[in-house]
Protein chains: 2
Amino acid sequence: MTSARVGPVSTPRRRRPSVGDVARVAGVSVGTVSNVLNKPELVSPETRDRVEGAIKELSFVRNGRARQLRQGSSTTVGALLLDIRNPFFTDVARGIEDRLAVDDLTLMLGSSDDDPRRESKFLRLFEEHGVLGLLVVPTTHETKHLAAIQERGVAVVLLDAPPGAAGLSSVWLDDVAGGALAAGHLLEQGHERIVFLNGPHSIRQCQDRREGVDRAVLAVGQDPARVVEEITLPRLDAAAGEAALAAWVAAHGGAAPAAVFCVNDLVAIGVQRALRRAGGFALLSGCAVVGYDDIDIAAELAVPLTSVRQPRHEMGHEAAELLLRQAAGEAEQHTVFQPELVVRASSVPGG
Amino acid sequence: MTSARVGPVSTPRRRRPSVGDVARVAGVSVGTVSNVLNKPELVSPETRDRVEGAIKELSFVRNGRARQLRQGSSTTVGALLLDIRNPFFTDVARGIEDRLAVDDLTLMLGSSDDDPRRESKFLRLFEEHGVLGLLVVPTTHETKHLAAIQERGVAVVLLDAPPGAAGLSSVWLDDVAGGALAAGHLLEQGHERIVFLNGPHSIRQCQDRREGVDRAVLAVGQDPARVVEEITLPRLDAAAGEAALAAWVAAHGGAAPAAVFCVNDLVAIGVQRALRRAGGFALLSGCAVVGYDDIDIAAELAVPLTSVRQPRHEMGHEAAELLLRQAAGEAEQHTVFQPELVVRASSVPGG
DNA sequence: ACCTTGCGAGAAAGCGGTTTCTCGCGGCAC
DNA sequence: GTGCCGCGAGAAACCGCTTTCTCGCAAGGT
C-alpha cells in the first residue's frame, strides 16, 4: 500500500440549533421563525430582520427531516441501477439528475448488481427514507413488488425495462430491434456463424436482444440454432468478456470466431483484449465485433467499436420526467426509444 | 427523436399506514408496535405475532424520517464529486459505497461540475437532509465553509484534496509526485518540449500537477518556462482536450507536438482523437501522450495510454472509513496515496 | 394470606419543524 | 365614544416514530 497516515486533534460535536433556539435569540415564537423561513411576506420587516439576524448568528440550518415529516413531502428520488461503474448507467444517471435539478430535487443512487437481494434491500431503504419516487432498473421480469410500492404512495418508473405491472410508467429501448440491428449487420457482412456473448435470460434486455438476433437470422432464411452460438456470462463487464472469449479461443485451437456480438460495450472491450492477448493485432482484426450501448469511448478503442447506440442521457431525462408526472398524479405512460447502429472498424473488413 | 408514447389509466394515492394503524389492527398500543420493530425480545410471542400479522396485512413500511428524527441518527452520507460521468469519480464512488454497505449506510451523490454555486447548493441540501457525514471534492482551496458544516455536527472529509481547514480529515493523492512522474518520463524519452493540457490552477490538483512537472524539469537542469507550454482547458473532458489540441495543430501548420501531458485520461482521449482526425495514425503515433488517472479503458485505446495511476476504489473506501471514524468522534486523520506511472505505447517510440 | 418481584403493555413526552387558530392591538368608519 | 376590521405574533396541535415511565397482574417466597 502506498499510503501514509497522520493526525491528532479532536472533533467537537454540538447539538444543531433548532427553530426554538432561533426564536429565543430573536425574542419571537417558533411559529414566527417558521414564517420567516417559508412565508416571509407574512412577517413585518423589523421582526424578519431580527429573526434573520438570529439565524445568521447561530448559523441555523433547518432540519429537512422534520420539515418533510410535517409536510409529508419529499425532495429526493431514488434510482436503482444495475451497476454505477458502467458508463451506460452513469450517463443515464446524469440525465436523471439534470431533469431533477430543474425542480431542485436530489438523487440517491444505488447499484443492485443485478442481485435481487441487493435490489430489495435498496428498495426498502429508499422507501423507508420516504423518497418522492423511485426509478428502477428491475432485476427480474416480475414487477409486482414495485407496483406494491407504488400502491403505498411512492411513484415508481421502470427504467430500461418494458411496461410491467399495471400502473407503472416505463422508459426503455426496443432491445429486440437492437439485437436484430447488430446481428443483421454481421450477417450482411457475410458471416455465417455468430458468437453471442450474452447475459442470463433472466435479464430482460438479454432475452430481448437474443430474440432480435434470432429474428435477423430468420429474416435471411437461416436457422438460429445453427448460426448463433450463445455464451452466457456471469457478469456483464470487461473481465467477464475477456474470460469468455479467451476460453473460446483456447477451445478452438487458438482460432478466433469470425463474428462476435456482445451484450454491451464493456464486454466487447474485454473481447478485444482477449483477442489481442491471444493473437495480437492479426487475430483482433480478423474478428468482427459488435457491442451495445455505444458508450463514449467505443469510438476511441484500438479498433473502434461498432455498436448499437442507446440515447442514454435522454432515457434518464425522460424517466425522471415521467416520474415527476406520475408523482403529480398523472396517468402512467410508456416511452420506448429506438436503437441505432453505429458502424465502425471493428466489424468491417477494411477496418 | 426516435421515441413514442402511450398510456391511459390513473394512479391512486393513499396515506401510508403508520404505527398507529398497525396498533389499531393488532389491538395493541403504538409503543408495543415500536417494540416489535426494534426490540422484539421485549414482547411476548403471541403479541409479537399479532403485530407482525398486522404489519403484513397493511404492508406497513416504517417512516425512516420520523424514526431518524426521534433518534437523532442518520443512515445516509452525502458525497459531492466533480463529475459523476468521469470514470475516476465513479470508481471512487463505488469504493465509498462498498465501505458504507458494511455498516448498512447509503450514499447520496451529487456532481458539483466544479461550480462553487452548485457545490453550495448541494451542501445545503445534504445538510438539511441530515446526512451523517459528507465527502467532498472541494471546488476551491477555501475549506472554511466545510469546517463550519462540521462545527454544526456533520462529519466532513475532504476527498481528493490535501488537508484543509483544521478538523477536517482528508484523503488525497500526491499530485506533485504524479505530475513529476509524468513529466520525468517524457523527459527521459528525450523530449525537450512538453505541451501540458491542464485545468485552471484554481483547482488544486491542476496546480499541484504543474508544480510536479516543474520539479521534474528542474531536476534535469532545464528551465520550466522554456520546456513547458501549458494550455488551460475550460473543462476537463474529452471534448475540451480534442478542441485544444486541434487548435494547437492548426496553429503549427498541421504539426503535432512531440510530447503532451494531459491532466486526465479523458482529456488524453480527446487529444488522441484530435491527432487522428488531423493526421491519421502517423501523426498520432509520432506524438507521445501521457494521461492521468489510469481509468480502466486507458489500456484499451487505439494507442494504449501511458498514465499516472491513482488507486481510485481504495481512495473512496478510505475516505468513507475516515468519515465513519470522524463521525464516531475520532480525531481527524489524513491519508495520502502515492501515484504510480503505468507506461504504455502512447509514450514510447516502439509503441 | 401478604408482600415482593418482574414481566409485558399502555400512556405520554418528546424529536424539530409547519400550520392552524386565537388573540391583542391600532386604525377606521359610524 | 363605540364597534369592527385586519394585521402580526404567539400558543398549541400535529407529522410518525422512539423511549421512558407507570401500572396491572400473575408468580414466587415466607
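Just so it is clear, the structure is predicted and the values come from calculations on it, not from any experiment. Per chain, numbering begins at 1; letters A, B, ... match sequence-line order.
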Closest to the side chain of A:N35, out of D:dG8, D:dG16, C:dT19, is C:dT19
- request: In sequence, state the C-alpha distance, the side-chain angles, and the governing distance for B:L134 and B:V77, and then conclude on side chain to side chain contact (heavy atoms under 4.5 Å, CB included).
  value: CA-CA 6 Å; B:L134 231 29; B:V77 330; over 6 Å; no
query = Got A:V137 and A:L80 here, is their nearest side-chain heavy-atom distance under 4.5 Å?
reply = no
Looking only at C:dG17, D:dC17, D:dG10, the nucleotide nearest the A:A66 side chain is C:dG17
The nucleotide from C:dG17, D:dT18, D:dA9 with an atom nearest the side chain of A:F60 is C:dG17
Here the distance between atom P of D:dC17 and atom CD1 of B:I55, to the nearest Å, is 10 Å
Out of D:dC17, D:dG8, C:dG17, minimum distance to the side chain of B:R67 belongs to D:dC17
Among D:dG10, C:dT18, D:dT19, the one nearest any side-chain atom of B:R70 is D:dT19
Between the NE2 atom in A:H129 and the OG atom in B:S74, the distance rounded to the nearest 0.5 Å is 6.5 Å
Among the nucleotides C:dG10, C:dT18, D:dA9, whichever has the atom closest to the side chain of A:S34 is C:dT18
Among the nucleotides D:dT18, C:dT18, D:dA9, whichever has the atom closest to the side chain of A:N38 is C:dT18
Of D:dG10, D:dC17, C:dG10, the nucleotide closest to the side chain of B:S29 is C:dG10
Of D:dC17, D:dA9, D:dT19, the nucleotide closest to the side chain of B:K39 is D:dT19
Point to revise | Sidechain N-carboxylate O distance under 4.0 Å for A:E321, A:R325 | key: yes
B:L69 has its side chain closest, among C:dG17, D:dG16, C:dA11, to D:dG16
